[in-house]
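A, B, ... follow the sequence lines: proteins, then strands. Residue 1 opens every chain.
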Amino acid sequence: MKYQTQKVAYAYFLVAMGLFAIQVLGGLIAGWIYVSPNFLSELLPFNVVRMLHTNALVVWLLLGFFGAAYYLIPEESEREIYSEKLAYLQLIILVIGTLGAVLTYVFNPFPGNYLLGMQGREFIEQPTWVKLGILVAALIFLFNITMTVLAGRKTAISNVLLVGLWLLSLLWLFAFINPDNLSLDKMYWWFIVHLWVEATWELVMASILAFLLLKLTGVDREIVEKWLYVIVSTALFSGILGTGHHFYWIGLPGYWQWIGSIFSTLEVIPFFLMMSFAFVMVWKGRRNHPNKAALLWSLGASTVAFFGAGVWGFLHTLHGVNFYSHGTQITAAHGHLAFYGAYVATNLAIMSYAIPHLRGRDPYNQVLNMAAFWLMTGGMAFMTFVLTFAGTIQTHMQRVLGENFMEVQEGLSLFYMMRFGSGLAVVIGALLFIYSMMVPRRELLTKGTDVPVAGE
Amino acid sequence: MYPLPYPEPALLQARDGTMSSAHSEQPRTGLETLPGDLIMWVLIVSELLVFGAGLLAFMAMRLTDPVGFAEAQDQLFRTGAALNTLVLLTSGYLAAKALHWRRAGIGLRPQLALIAAALLGVLFLWIKGVEYAHKAAQGITFETHPFFMFYYGLTGFHAAHVVVGVVLLLLVAWRDDPDNIEAAAAFWHMVDLVWVLLFPIVYLLG
Amino acid sequence: MSEILTKSRARNIFYGGSLFFIAIFGVLSVQSHRYVVNTSTAGMPLSEEVILGKHVWERNSCINCHTLHGEGAYFAPEVGNVMTRWGVQDEPEEAYEMLDGWMAAQPTGIEGRRQMPFFDLTEEETRGLAEFLRWADQTDLQGWPPNDAG
C-alpha cells in the first residue's frame, strides 16, 4: 500500500464480504426451498429469500467495485483520495440503506408506501428512500473519485473505470422511472439491469482486470491500456444494442429480435478478448508475482466470465431459441455462472490482491484461498450444468409439449437436489475464502513456489 | 509511454530468477504487422460482421417467403439507390485522393477533396431521405412486411454510418494529419463497401 | 512513424463508437416507446384499476416467485397469460372470482408442494390485480409464449 487513503478500500471489502456471506446463505436457503418447499414457507417465503439473495449480491458487488476504485485510483492517479471522510460517509449511507432494505423485505412495515415501502420491481425492490440514498452515495463517490483523478495522473485504467462508474450511476436514475404501462416499465427496467451487467459493469471489470494484470505480470502499461480500449470498445458496441435480446417478448417491436440476436451474439467477443488478453499477458509477462491466488482469481474470472456470460449467454440469445427457453431454468443457469465468473470472481480477485497489502502482510494463505477458488468454481460449474439440464427438460416439456408448469417442476426434483449440493460447495468455498482473507496469520507457502495456474 | 511506476520490487521477480528492468523491450505480437491502425481493423471487421449477419438473416428470411419479398422489393426506388451507389463511390474516390494529395503535400486540395466527399455523403443522405419519405407517404412501415423491416433496419443502420462518416471527413479536413485522414478514409471505404453489398442484395436480387 | 495501435485513437474510437450506439439505441427506444403505447398494449385501456393492480403486484413482490412475460423468478408459474389459461381473459367478473378464490386458498399447506403465501387483499385490490393480469395478457408479445402452459 503506497497511499494512506487506500485504507478506505479495506472497509468496503469487509462489508462486501459480509454481504457475500449473507448472499450465498440466502441462496442456500432458496435452494433448499426448491428441495423441501414447506421449509420456512410461513416465516420467510421464497420471494423474500430471493430478494435477499439477489439484492445482497448486487450491493456487495457494487461495494467491491467501490472498494476496488478506492484501492486502485490512488495508485493510478499517484494521489491520495480527494476526501477520506466522504468515502467513509458514502459507505455509511450504503450500509444504512442496505440494513433498511433488508428490514423492509423481511418485516414489510410500510406496505404500499412509496417512500418507505418495498417497491417490488425485480432487483430494484428497495424502498424509494434507499434508492435515493444509493443515488446520493453514488454522487459522493463520483465526486470523490473524479476529483482525485482530475488532480493526478490520467491513465486508461482510471479513465475506463470512471466512464463505467459514471454511466452506471446515470443509469440508476431509471430506477426512479416506473411507468404504469407494464411493457414500458419492463423496457426502462432493462436500461438499468442489462446496461449495468452487459455494458457498464464490463468496463469496471475490464479495468480492474487490467490493473491486476499490470501488477501481477509486469507487462508494459502501454500494451495493457491499448488492449483495454479495444476490449471495452467491443463491450459497448455489442452490449448497448445487445439490450435487444431482452426486448423480444415484452411487447416491443419485432425488429428487436434481429437486432438483439445479432448484437448479443457479438457480446461474446469482449469476454473472449478479456480471457485471451489475461492469458496472453500472463504468458508474455516475465515475472512471477508471489500472489498466486490473485492471479488464479484473475484468470478464473476472465475464463468463467467467457463461459458463463459468453457461451451460456449465446446458448439462448438467438430469438428462435429464446422463444422456447425464455424464463426457464436455462436463464437461471446462465445468470449464476455469468454473475459468478464476471463479477464475483473479479471482486474476489481484487480482494485477494489488495487485502494483503491493506493489512500489511505478505500475500498469505494462498492454499486456502485457492482451495476456495476451486470449491466455488467447481460448485458453480456443476450448478450450471445441472440447471442447464433441468432447463432443457423444462423447455421441452413445458414449452414444446405444453405440460403444466408445476407438474414439470415436480419432475425436475432430482436436479434441484443436485443444485442444492453444488450450492453447498459454493457456500463452503465462500466462507473459506472469507476465512483465508481474515483469520490466518502465517504464510503457508514459501514465496515464489510454482503453483500451476489454470482457468476452468 | 508511461514508465512502470510501481514495480513493487520486493514482490516482482523475473522468471529466470533475476530482477528485470521494467523498461526492457516488450514481446511483439503478430498483429503489429498489419497496415494502418489496429483499432480501425477491429472496427471494420466488427462492422462487417454486423452487416454480414444482418444480410444473412435477410436472405434466410427471404427463403421463407420469396414471393412476398419479391413483391415488396418491387416497391423500392431502384434508380435512386443506383444513383446513390455512384454518389458514394465518387465520394470514396475523393477521400482516397485526399489522402494521396495530403501525403504528396499538395496545398489545399486535400481539404477541398474531403469537403467534397462529405458533401456527396450529405447528398447520399438526402436521396435516402427522399426515398424514406416516399415510403412513409405510401404508408409502408417496418411492420408492413418482414422485407421492409430489414430494408429499414439495414439501410437505416448504414445511413447512420454515413452520418458518422460525413462528420469524420469534415473533422479530418480540419485536423488534417495524414494518419487521421487515413483512418477516416478507411472508415469511409468500409461504409462504401457495405453499401455495395447492401444495394444488390436489398434492391436487386430477387 | 505511425504506430500499429495508438492509444489515443483507440480511446477516440471507444468514445465515438459508444456515442454512436447510444444514439441509435436512443432513437430505437423512442420508436419502441411509441409502439408500446399505440400498438402492442393498445387493445385494452390502461385504467385506474389496471394501475392499482400493477401496484398490488409490485408491493407484494410477486415477481420474486412468478414470471410475468417470462421475466422474474422461475419458482412459480408464468402469469402473463394466466387469464387465458384459466379461460377468463374476456370475462372481467369471472377473472376476478377465479383469482379471488385462488388467493383465498393459499397457502395450501400440502406437504411437498411449493407454497404461495396468503396475501390479505381488499376486494378492490383483487379486482385491480385481475384487471392488471388481463391487461398484461392482451399485450402483443410477438407470439410468445409458445403455448398456454406459459
For each of [options], tally heavy-atom pairs with chain A at distances under 4.5 Å, and name the one with the top tally.
{"options": "C:Gly17, C:Ser32, C:Ala149, C:Ala10", "result": "C:Ser32"}
{"options": "C:Thr39, C:Leu46, C:Ile24, C:Thr139", "result": "C:Leu46"}
{"options": "C:Pro145, C:Gly143, C:Ser8, C:Gly72", "result": "C:Gly72"}
{"options": "C:Gln31, C:Met116, C:Arg85, C:Glu78", "result": "C:Gln31"}
{"options": "C:His33, C:Arg59, C:His66", "result": "C:His33"}

Between A:Trp190, A:Phe263, A:Phe191, which is the residue that forms a ring pair (Phe, Tyr, Trp, His ring centres under 6.0 Å) with C:Phe25?
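Result: among A:Trp190, A:Phe263, A:Phe191, A:Phe191 is the only option passing the ring pair (Phe, Tyr, Trp, His ring centres under 6.0 Å) with C:Phe25.
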Is there side-chain contact between [X] and [Y], with heavy atoms separated by less than 4.5 Å?
{"X": "A:Leu236", "Y": "C:Phe20", "answer": "no"}
{"X": "A:Phe123", "Y": "C:Asn64", "answer": "no"}
{"X": "A:Arg399", "Y": "C:Pro146", "answer": "yes"}
{"X": "C:His69", "Y": "A:Leu182", "answer": "yes"}

Please look at [X] and chain C and tell me whether the side chain, the backbone, both or neither of the residue comes under 4.5 angstrom of a heavy atom of that chain.
{"X": "A:Met118", "value": "both"}
{"X": "A:Thr328", "value": "backbone"}
{"X": "A:Ile231", "value": "neither"}
{"X": "A:Gln398", "value": "both"}
{"X": "A:Tyr255", "value": "side chain"}

Practice task
For the residue pair A:Asn178 and C:Glu58, confirm or rule out a side-chain donor-acceptor distance under 3.5 Å.
Solution key: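 Yes.
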Heavy atoms only: give me the nearest [X]-[Y] pair and the separation to one decimal.
{"X": "A:Tyr248", "Y": "C:Gln142", "answer": "O-CG, 3.5 Å"}
{"X": "C:Ile63", "Y": "A:Gly120", "answer": "CG2-O, 3.9 Å"}
{"X": "A:Phe405", "Y": "C:Phe75", "answer": "CE2-O, 3.7 Å"}

* Asked: Between A:Asn159 and C:Tyr15, is a side-chain hydrogen bond (donor to acceptor under 3.5 Å, both in side chains) present by the stated rule, with each step listed?
  -> CA-CA 11 Å; A:Asn159 214 349; C:Tyr15 286 129; 3.0 Å; yes
- Interatomic spacing from CD in A:Glu42 to CD in C:Gln115 - rounded to 0.5 Å: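 Rounded to the nearest 0.5 Å, the CD-CD separation comes out at 7.5 Å.
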I need the C:Glu111 CD to A:Asn38 CG distance, nearest 0.5 Å.
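Result: 4.0 Å between the selected atoms.
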- Query: Is there a donor-acceptor pair closer than 3.5 Å between any side-chain N or O of A:Trp249 and the backbone N or O of C:Trp144?
  - Reply: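 Looks like no, no N/O pair under 3.5 Å.
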